[in-house]
Amino acid sequence: MFNSNNYYAFAGEITTNSLGEPELLCNNYGVEFSEARAYVNLHDLDLLEKSIYRLFPEKKRGVMVVQATELNYGSLIVTCRVDHRIADAYSANLFFVSWAESARSMPISIVPSFRRSLLSSRHPPKHSPSMDELYMPLPSVSSPPKPKRNPDSDSDLDEFVSRVFYIEASKIDEIQCLASSEYSRVTKLEAFCAFLWKLTAKTKQKSGGARKAALGIVIDGRTRLGDNGVNNMGS
């Protein structure tokens, strides 16, 4: 059985205090759940099309809503919406992983923490000195040029292309092996990012253009915010 006490914040509601600030009311309101039916095949779904958002439920109350959509041939898609004022993507992913583990009768691997003292403004946490070497201030990074507007289109994003790539784990292991040596072993993320950056640089060199390229990576910095690396679910 899934122990909802570990994620009781998702069963609450967001209210407004006397100062007009949003607050989380842990009143056990619950999570709204809905069922839907879509007469399409799973392999025909294009995850990059805007129509895919029809599979997501509309959140009217509470912190989280869940929808189960049945497709042709017994396929099932479970989608959720989470209020980002309560949980970010990493925190929501903790819940999804715990939910999946509970469905398989496995113990929860990571239990969330709601310790307010970790983010106390009067006693701020001390981050690791290595954080200063990983990032650069935003003012030092030049903004990319705004895409030119296509006169035949109403959109300003004609030059923006979004793609999703699938890479087998064996290929990642191979890249990691090639990037490592007997004296230094790099992580899978380091090896793949270096490989991706190398491909981007070669593409720019072949095109002969002087356009700038940037590589952005979303990481979890929670383990560097404190000495014990507690996984904090949300602020």
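One-based numbering along the sequence shown. Only this structure's heavy atoms are used, side chains among them; waters, hydrogens and symmetry mates stay out.
Atom CZ of F10 sits about 11.5 Å away from atom SG of C26, to the nearest 0.5 Å. Summarising the geometry, atom SG belonging to C80 is positioned 4.0 Å from atom CZ belonging to F96; distances are rounded to the nearest 0.5 Å. Note that CG of N41 and CG of L71 are 8.0 Å apart. Values are rounded to the nearest 0.5 Å. Rounding to the nearest 0.5 Å gives a distance of 9.0 Å between CD of E70 and OG of S75.
Sequence neighbours left out, the pairs with a member in residues 12-24 that pass side chain to side chain donor-acceptor pair (under 3.5 Å) are E13-N27, E13-R61, N17-E21, N17-E23.
Side-chain contact between I110 and V97 is absent, with no heavy atoms from C-beta onward closer than 4.5 Å. Residues L45 and I77 form a side-chain contact, since some pair of their non-hydrogen atoms from C-beta on lies under 4.5 Å apart.
Partners of E168 under the side chain to side chain contact (heavy atoms under 4.5 Å, CB included) rule, at least two apart in sequence or in another chain, are Y166, S170, K171.
Between the side chains of Q67 and T69, at least one donor N or O lies within less than 3.5 Å of an accepting N or O.
Both V31 and F33 are members of a single hydrophobic cluster when ILVMFWY side chains are connected at heavy-atom separations under 4.5 Å. Residues L25 and Y29 fall into different hydrophobic clusters, defined by Ile, Leu, Val, Met, Phe, Trp and Tyr side chains chained together at heavy-atom separations under 4.5 Å.
Nearest heavy atoms, W99 versus V66: CH2-CG1, 3.9 Å.
Counting only distance, with no hydrogens or angles, the side chain of K198 and the backbone of A201 share no donor-acceptor pair below 3.5 Å.
Both the sub-6.0 Å distance and the 45° axial angle are satisfied by R37 relative to the ring of Y39.
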List the atom pairs, donor and acceptor, that lie under 3.5 Å between side-chain atoms in residues 172-180 and the rest of the protein, sequence neighbours left out.
residue, atom, partner, partner atom, Å
Q176, OE1, K188, NZ, 3.3
Q176, NE2, V186, O, 3.0
S180, OG, Q176, O, 2.8
S180, OG, V186, N, 3.2

